[in-house]
2 protein chains.
Amino acid sequence: MTRIPQRTVERFFRYCQFLHSRLEAGGEFVFSHELAAAVGVSPEQVRRDLMNFRLKGTPQRGYPIKEFMTELYSHLESESLTKMVLVGVGNLGKAILSYFLKRRPNLSIVAAFDQDPEKVNRVYSGCQVHHIGQLEKFVAREKAAVGIITVPASAAQEAADMLVRAGVRGIVNFAPAQLKLPPGVFLEQLDITLSIEKAAYFARKTKIKE
Amino acid sequence: MTRIPQRTVERFFRYCQFLHSRLEAGGEFVFSHELAAAVGVSPEQVRRDLMNFRLKGTPQRGYPIKEFMTELYSHLESESLTKMVLVGVGNLGKAILSYFLKRRPNLSIVAAFDQDPEKVNRVYSGCQVHHIGQLEKFVAREKAAVGIITVPASAAQEAADMLVRAGVRGIVNFAPAQLKLPPGVFLEQLDITLSIEKAAYFARKTKIKE
DNA sequence: TTATTAACGTTAATTAATTAACGTTGACTA
DNA sequence: TAGTCAACGTTAATTAATTAACGTTAATAA
């Protein structure tokens, strides 16, 4: 299969989000301009994106949502459950746990870890918290594929090392620290503060023009 | 001045982050390969980026950090304080408030808003929570430039409308909802769940290659 | 039946971003 | 004082991503 561009994949998750609600509302078809409006891009872009997935629509009805979703998931999601773990049960960690509560069928956070004895053995949003010392054993046994790091910057590398040793294939890092990972482990860096700073910058710049 | 590419601006905040700690540690100069390692890009990219800001370095010492920072802030940050407000004091909101505690001199979250009477008038990380009903008046009076939305998706558009009416120029939206904003208001969409889903996808894809 | 039309699907053109190439600089050394 | 070298700075080449253009399709209605 032909390679799908990064950006396209990102948009696909957003299309998907919208289609889910649409499907629930009983819709069977969707037009490119509807998808476009829903995620804030141009209809041309939508059609361009859909081409990559070989999805066909008709001028009269648009694209069949069911097929869309099936095709989409066949590309974007494994058939089996992808297990994730979360390291660091602070405010951000708790927020993420609550977001992921029964959201996607084949993707879930199966455990959380923290060093604070106060938090260990508690359950947040249906997710059990274990002591950080158990992490490696647990991840290796459960074959968790992704680790989410929400610890302070100073502890991020250590957390990453543990996750890598235990065999995760991807890491989502919320700590403002540049992680050193072996090749083959996917890294998604998500610095919230940085994003807000960026927005503040562009908000100032965006004056007259558009 | 020549226009600076989006991506470059994003990287600049990361360079800046690193340089800050470097400066504190007493460093005066920095090489492109050091910056590159610190933020995870190639040295060529760093030099390319620095070109946009007309920053000069010498082969022997690299770039002078002080000048770098000065130049950088003159572009990226206003001289006066940029005020931001946060709407929705849930776990994510609290996390953001704590991150922004005395982090940048000219950028701060001056107030938070929530509808829950339980939270109103409390103080989180040095930030006072007001009732959502006060938002418009407050934002207009204080001339806050950026609004950060951390409410549930169903309430996001309403929050955005209030912020826009009160005159913000930029919005950072964490809710998984496509906001409709008038042109001229900068929007930064930050869907955490989506990012994690994306990472899970790429983690599965990244097998042998790379 | 055929004209109309709205939206698709593809190719092409443009623009943005990254990577590579390579000449330049200036401290250091023989 | 000339050679070396590491890192800069610029231009050029490549690649990725977006936007535009336009022919195609099939339902509808004259």
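Residue numbering restarts at 1 for every chain, and letters A, B, ... go by the order of the sequence lines.
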Colleague: Can you check whether B:R54 has a side-chain N or O nearer than 4.0 Å to OP1 or OP2 of D:dT10?
Modeller: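 Indeed not, no polar side-chain atom of B:R54 lies that close.
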
Colleague: Could you tell me whether the side chain of A:Q189 and the main chain of A:A175 form a donor-acceptor pair under 3.5 Å?
Modeller: yes

Colleague: Between P on C:dA17 and CE on B:M51, what's the gap in Å once rounded to a whole number?
Modeller: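 Rounded to the whole Å, the gap is 15 Å.
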
Colleague: Please examine the side chains of A:V172 and A:M84, heavy atoms only from C-beta on, and report whether any two atoms are closer than 4.5 Å.
Modeller: no

Colleague: Output a table of donor-acceptor pairs, distance under 3.5 Å, between side-chain atoms of residues 140-155 of chain B and any protein atom two or more places apart or on a different chain; print 'none' if there are none.
Modeller:
from, atom 1, to, atom 2, distance (Å)
B:E142, OE1, B:K83, NZ, 3.0
B:T150, OG1, B:V87, O, 3.0
B:T150, OG1, B:G88, O, 2.5

Colleague: What's the CZ-P distance between B:R11 and C:dA17, to the nearest Å?
Modeller: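 Between P of C:dA17 and CZ of B:R11: 9 Å.
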
Colleague: Tell me, do B:L19 and B:Y63 make a side-chain contact under 4.5 Å, heavy atoms counted?
Modeller: no

Colleague: Within the sub-3.5 Å range, which N or O atoms of nucleotides 2-7 of chain C have a protein N or O partner, and how far apart are they?
Modeller:
from, atom 1, to, atom 2, distance (Å)
C:dA7, O4', A:P59, O, 3.2

Colleague: What is the distance from CD of A:E44 to C1' of C:dA13, rounded to the nearest Å?
Modeller: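 That distance rounds to 14 Å.
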
Colleague: Once you round to the nearest 0.5 Å, how far does CD of B:E34 lie from CZ of B:F18?
Modeller: 6.0 Å

Colleague: I want to check one thing: is the phosphate of D:dT19, taken as OP1 and OP2, less than 4.0 Å away from some side-chain N or O of A:Q45?
Modeller: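 Yes.
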
Colleague: I need the CG-P distance between B:L55 and D:dG9, as an integer number of Å.
Modeller: 8 Å

Colleague: Quickly work out the A:D49 CG to C:dT10 C1' distance and round it to whole Å.
Modeller: 14 Å

Colleague: Starting at atom CZ of A:R48, determine the distance to atom P of D:dA16, rounded to an integer number of angstrom.
Modeller: 13 Å

Colleague: Rounded to whole angstrom units, what separation is found between the NZ atom of B:K56 and the P atom of C:dT24?
Modeller: 15 Å

Colleague: Mind checking whether A:F12 and A:Y15 have parallel, tilted or perpendicular rings, split at 30° and 60°?
Modeller: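 Aromatic pair A:F12/A:Y15 classed perpendicular.
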
Colleague: Below 4.0 angstrom from OP1 or OP2 of C:dA17, is there any side-chain N or O of B:Q6?
Modeller: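 Result: no.
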
Colleague: Could you tell me which non-hydrogen atom of B:N173 sits nearest to which non-hydrogen atom of B:A156, and how far apart they are?
Modeller: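 That closest heavy-atom pairing would be OD1-CB, 4.3 Å.
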
Colleague: Which comes earlier along DNA chain D counting from the 5' end, the contact point of B:P43 or that of A:P5, where each point is its nearest nucleotide?
Modeller: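 The 5'-side residue here is B:P43.
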
Colleague: Could you tell me how far apart A:L50 (CG) and C:dT10 (C1') are, to the nearest whole angstrom?
Modeller: 14 Å

